[in-house]
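Notes follow the structure.
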Amino acid sequence: MKDKVLLIIPAFNEEKNIEHVVDNLIMNHPELDYVVISDGSTDRTPEICESKGYHLIKLPVNLGLAGCFQTGMKYAYEKGYSYAVQFDGDGQHRPEFVLPMREKIKEGYNIVIGSRFLSEKKDNSMRMIGSRMISLAIRLTTGVKITDPTSGMRMFDREMIQEFAYNINYGPEPDTVSFLLKQGARIGEVQVKIDQRKEGESYLKPVVAMKYMIRMLASILIIQNFRQRRR
């Protein structure tokens, strides 16, 4: 599947959003393939997907982002896709930016991040202060400037698809981005716009977000020095 892109859509209890996300892809972006990974959802997410005939992998238990994403990457690798995109099931990510990301990755990158801040400034909220700190930690440890390390919209080439599918059992988080940079991966960014959730609330409430930032900083600055790839 030369140049074909697969959108991997992790979905845990996204019954209020999943129809909007997938129907938009089907009607307006038929050039993009997708698969919904229902991550042990306890609401009607899998039933909605099945009734609508969506491409669906239904996990019997909740594996979390790492396991859910790895499932999607294994699917992408076995089906022969050249590129895979981490694409949220809550309506925040816009599919019109996928093809510009593909053009960028063809310049020789392994990963392209959909950045909100490549040409726009971050505000002074606590979350953006945390994002700045993570960017600084990545730059200090790798020498590479990543403007939006917490963006969840990322494209991966064939090499990275295999890597996430079979060689590393970690989620696509900023500390993994830092780890892969140290391993020689080339990472680029493309300016995108990311919408608010269509329905429901983000799990990253203030206290959870602060704990997440602290965990990422500790991982990037300390733990990554001891991490190894499986071979």
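As the structure is a computational prediction, the values presented were derived from the model and not from experiment. For the numbers below, each heavy atom of this structure counts, side chains included, while hydrogens, waters and symmetry mates do not.
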Should [X] and [Y] count as side-chain neighbours, where that means a heavy-atom distance under 4.5 Å?
{"X": "F156", "Y": "S82", "answer": "no"}
{"X": "I9", "Y": "V35", "answer": "no"}
{"X": "I8", "Y": "L6", "answer": "yes"}
{"X": "V192", "Y": "R94", "answer": "no"}
{"X": "F97", "Y": "Q191", "answer": "no"}
{"X": "N13", "Y": "T42", "answer": "yes"}
{"X": "M160", "Y": "L180", "answer": "yes"}
{"X": "V190", "Y": "S115", "answer": "no"}

Ignoring hydrogens and angles, tell me if any N or O in the side chain of [X] forms a donor-acceptor pair with the backbone of [Y] under 3.5 Å.
{"X": "S219", "Y": "R215", "result": "no"}
{"X": "D39", "Y": "G64", "result": "yes"}
{"X": "S135", "Y": "I146", "result": "yes"}
{"X": "K122", "Y": "T147", "result": "yes"}
{"X": "T71", "Y": "G67", "result": "yes"}
{"X": "D148", "Y": "R116", "result": "yes"}
{"X": "N110", "Y": "R186", "result": "yes"}
{"X": "T142", "Y": "I138", "result": "yes"}

Determine whether [X] and [Y] fall in the same hydrophobic cluster, where Ile, Leu, Val, Met, Phe, Trp and Tyr are linked whenever their side-chain heavy atoms lie under 4.5 Å apart.
{"X": "I194", "Y": "M101", "result": "yes"}
{"X": "V112", "Y": "L32", "result": "yes"}
{"X": "L118", "Y": "Y109", "result": "no"}
{"X": "V144", "Y": "L140", "result": "no"}
{"X": "I26", "Y": "I48", "result": "yes"}

So how far is it from [X] [atom1] to [Y] [atom2], rounded to the nearest 0.5 Å?
{"X": "E31", "Y": "R102", "atom1": "CD", "atom2": "CZ", "answer": "8.0 Å"}
{"X": "C49", "Y": "I57", "atom1": "SG", "atom2": "CD1", "answer": "11.5 Å"}
{"X": "I113", "Y": "M155", "atom1": "CD1", "atom2": "CE", "answer": "12.5 Å"}
{"X": "K52", "Y": "Y54", "atom1": "NZ", "atom2": "OH", "answer": "4.0 Å"}
{"X": "M213", "Y": "R127", "atom1": "CE", "atom2": "CZ", "answer": "6.5 Å"}
{"X": "D88", "Y": "D195", "atom1": "CG", "atom2": "CG", "answer": "11.5 Å"}

Taking [X] first and then [Y], would you say they form a salt bridge - that is, a charged N and a carboxylate O separated by under 4.0 Å?
{"X": "R44", "Y": "E19", "value": "no"}
{"X": "K16", "Y": "D90", "value": "no"}
{"X": "D3", "Y": "K106", "value": "yes"}
{"X": "K104", "Y": "E189", "value": "no"}

Show the nearest heavy-atom pair for residues [X] and [Y], with the distance to one decimal.
{"X": "R154", "Y": "P149", "value": "NH2-O, 3.2 Å"}
{"X": "L56", "Y": "S38", "value": "CD1-CB, 3.9 Å"}
{"X": "Q86", "Y": "H93", "value": "O-ND1, 3.8 Å"}
{"X": "S151", "Y": "G114", "value": "OG-O, 2.6 Å"}
{"X": "N28", "Y": "P30", "value": "C-CD, 3.4 Å"}
{"X": "A137", "Y": "L217", "value": "CB-CD2, 3.8 Å"}

Exercise. Report the C-alpha distance between D33 and K4 in whole Å, list the side-chain angles of each, state the deciding distance to 0.1 Å, and finish with yes or no for side chain to side chain contact (heavy atoms under 4.5 Å, CB included).
Key: CA-CA 8 Å; D33 291 351; K4 287 290 288 181; 3.4 Å; yes
Practice problem: Could you tell me whether the side chains of Q70 and Y166 share a donor-acceptor contact shorter than 3.5 Å? | Solution: no
Self-check item: Y83/V98 under side chain to side chain contact (heavy atoms under 4.5 Å, CB included): CA gap, chis, key distance, verdict
Solution: CA-CA 10 Å; Y83 309 106; V98 171; over 6 Å; no
Self-check item: Matching residue for I220 among V177, D175, L136 - test: side chain to side chain contact (heavy atoms under 4.5 Å, CB included)
Solution: D175
Practice problem: Among I37, T45, D43, N62, find the one that has a side chain to side chain contact (heavy atoms under 4.5 Å, CB included) with F12. | Solution: N62
Exercise. Would you sort out whether E120 and K193 count as a salt bridge (charged side-chain N to carboxylate O under 4.0 Å, His left out), showing the intermediate values?
Key: CA-CA 10 Å; E120 298 183 14; K193 292 186 181 296; 3.3 Å; yes
Quiz item: Are M153 and Q92 close enough, and set up right, to give a side chain to side chain contact (heavy atoms under 4.5 Å, CB included), and what steps lead you there?
Solution: CA-CA 9 Å; M153 189 175 185; Q92 293 191 85; over 6 Å; no
Quiz prompt | Partners passing ring-ring contact (aromatic ring centres under 6.0 Å, His included) against Y34 (at least two apart in sequence or in another chain) | solution = H55
Quiz prompt | Lys NZ or Arg CZ of R158 over Y77 ring: under 6.0 Å, within 45° | solution = yes
Exercise. Evaluate whether atom CE of M133 has more than 12 neighbouring non-hydrogen atoms of other residues, nucleotides or ligands under 6.0 angstrom away.
Key: no
Quiz item: Among F87, Y75, Y170, F164, which one satisfies ring-ring contact (aromatic ring centres under 6.0 Å, His included) with F69?
Solution: F164
Quiz item: Between L63 and V61, is a side chain to side chain contact (heavy atoms under 4.5 Å, CB included) present by the stated rule, with each step listed?
Solution: CA-CA 6 Å; L63 297 181; V61 296; 3.9 Å; yes
